[in-house]
Colleague: 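I have a structure here, written as structure tokens, and I will follow up with some questions on it.
Only a predicted model underlies this, so the values are computations on that prediction, with no experimental measurement involved.
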Amino acid sequence: MFFEPSLALFSFGVGILGAMCGGVQTFICTGFAGIVVYVLKAAGVEPTLLGDTVLNTLLLPAIIFNAAAVATAVAARKYPDEVKGWDITRSLIFAHDTSLMLIGGLSGTVGYLLFSLFSYMGMPTDCGALAIVLVGIVVRLTLSTGRKWNPEATEYYREEGWRYWVFQSINCLAVATVFAIILQEAGPEFYGVGFSISALLLIFDYAGSGQKMPTTHQITSIVGVTLGLTGGNIVLAVLFGWISNIIYLLTAKCFNEQCSTHIDGPAVGICVTSFLLHLIFGA
């Protein structure tokens, strides 16, 4: 059996929470919970309940983040003057709309079933990211009432020129190198903590006046995966972290920003790059 009925029901409630809170907000909570789990492990405590129930079910992005993204897409159709379908930073509680909460619940259950199925099948990629990407594509094809891609992306790249890619690459290589060295020193048990740190850092998007925190979990996640599959090779970890970030940048600009629904660029980067890594280095 690839899923448990009780967890499917639990995921329905989790999905409602996702619609209530917003996608980015729930992802920040995922990062915080992950850091707590790793701190407890470092202290010699095995956080079974916190890890299995809270981090890997309640705050699993494939469930709670997916729910927020789908509910946001529906909210954008119903309340186009108040919600943008691609912007998953909004809590949907403002609408007092029961249907949005129920859609979030159903989407949470679907996210759980997909994640569970992919894990059961042993898909050679990040199963959570794959579930988020597939749901995002299906929602774009079925619920989109506006732009399915951003036509301004090409002009943006033309205006920015090579300087944009140099700037992004320098930043990415710095993040990847720092985390690769830290995670290698920490050891395989802590290869996933970079993802949690990156998720928590997004909290600074809500601090200050307009200052934004760059998205980095598509880098740090792949750095950890690469270290695990290559026996701690820092050079390869940095290289594949850079590849994941390039995929993220292209996806976010071309198929998410100012579009009618949300397709998660970091999830695309993680999913595609994880597949490449498993294809090349997997057993």
Side-chain angles (χ1 to χ4, degrees), residues 24 27 30-31 34-35 38 61 65 123-130 132-133 136-137 149-150 153-154 156-188 190-202 204-205 212-257 262-282:
V24 173
F27 190 59
T30 299
I35 290 174
Y38 283 110
F65 180 89
M123 297 293 284
T125 186
D126 186 296
C127 294
L130 179 59
I132 291 172
V133 172
I137 293 173
W149 69 287
N150 180 9
T154 302
Y156 174 83
Y157 291 132
R158 185 181 296 113
E159 291 179 355
E160 291 292 321
W162 60 268
R163 291 171 298 180
Y164 172 80
W165 298 108
V166 171
F167 174 78
Q168 293 290 351
S169 293
I170 289 175
N171 293 339
C172 169
L173 293 175
V175 171
T177 302
V178 168
F179 274 90
I181 293 172
I182 291 174
L183 295 179
Q184 187 198 49
E185 290 296 320
F190 298 93
Y191 281 170
V193 73
F195 175 84
S196 299
I197 294 173
S198 291
L200 180 60
L201 287 176
L202 290 176
F204 291 109
D205 271 0
K212 296 294 182 180
M213 183 70 194
T215 303
T216 59
H217 58 280
Q218 74 280 354
I219 304 171
T220 54
S221 173
I222 291 300
V223 165
V225 172
T226 307
L227 289 173
L229 288 175
T230 62
N233 191 308
I234 291 179
V235 174
L236 289 175
V238 172
L239 172 63
F240 281 94
W242 177 80
I243 292 172
S244 178
N245 193 57
I246 293 296
I247 295 172
Y248 151 69
L249 291 171
L250 291 170
T251 304
K253 181 64 67 176
C254 297
F255 298 105
N256 187 56
E257 291 181 15
H262 183 79
I263 291 182
D264 196 64
V268 175
I270 292 170
C271 181
V272 173
T273 313
S274 291
F275 175 74
L276 292 175
L277 283 165
H278 282 87
L279 190 65
I280 298 171
F281 300 107

Colleague: If the plane angle is over 60° it's perpendicular, under 30° parallel, otherwise tilted; pick one for F27 and H217.
Modeller: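 Tilted.
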Colleague: Can you tell me how the ring of Y164 sits relative to the ring of Y156, calling it parallel under 30°, perpendicular over 60° and tilted otherwise?
Modeller: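 Because their plane-to-plane angle is over 60°, the rings of Y164 and Y156 count as perpendicular.
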Colleague: Is there a donor-acceptor pair under 3.5 Å between the side chain of N256 and the backbone N or O of D264?
Modeller: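 Side chain of N256 to backbone of D264: no pair is present.
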Colleague: Quick one, F240 with N233, criterion side chain to side chain contact (heavy atoms under 4.5 Å, CB included). Give me CA distance, side-chain angles, the key distance, then yes/no.
Modeller: CA-CA 11 Å; F240 281 94; N233 191 308; over 6 Å; no
Colleague: Would you say F275 has more than 12 foreign heavy atoms packed within less than 6.0 Å of its CZ?
Modeller: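 Open: at most 12 neighbouring heavy atoms sit under 6.0 Å from CZ of F275.
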Colleague: Test side chain to side chain contact (heavy atoms under 4.5 Å, CB included) on C254 and W149 and set out the steps.
Modeller: CA-CA 6 Å; C254 297; W149 69 287; 5.5 Å; no
Colleague: Sequence neighbours left out, cut at 3.5 Å: what donor-acceptor pairs do the side chains of residues 173-185 make with other protein atoms?
Modeller:
| from | atom 1 | to | atom 2 | distance (Å) |
| --- | --- | --- | --- | --- |
| T177 | OG1 | L173 | O | 2.7 |
| Q184 | NE2 | G232 | O | 2.8 |

Colleague: Do you know which two heavy atoms are closest between D126 and S274, and how far apart they sit?
Modeller: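 It is N-CB, 3.6 Å.
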Colleague: What are the two closest non-hydrogen atoms of C271 and T125, and how far apart are they?
Modeller: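 Heavy atoms only, the tightest pair is O-OG1, 2.7 Å.
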Colleague: Taking all non-hydrogen atoms of both residues into account, name the closest pair between F65 and V24 and its distance.
Modeller: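 So the two residues come closest at CE1-N, 4.4 Å.
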Colleague: Check the pair I197 / T220 against side chain to side chain contact (heavy atoms under 4.5 Å, CB included), numbers first and verdict last.
Modeller: CA-CA 9 Å; I197 294 173; T220 54; over 6 Å; no
Colleague: When you look at OH of Y191, are more than 12 heavy atoms from neighbouring residues, nucleotides or ligands closer to it than 6.0 Å?
Modeller: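 Result for OH/Y191: enclosed.
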Colleague: Could you go step by step and tell me if L249 and W165 meet the side chain to side chain contact (heavy atoms under 4.5 Å, CB included) rule?
Modeller: CA-CA 10 Å; L249 291 171; W165 298 108; 4.0 Å; yes
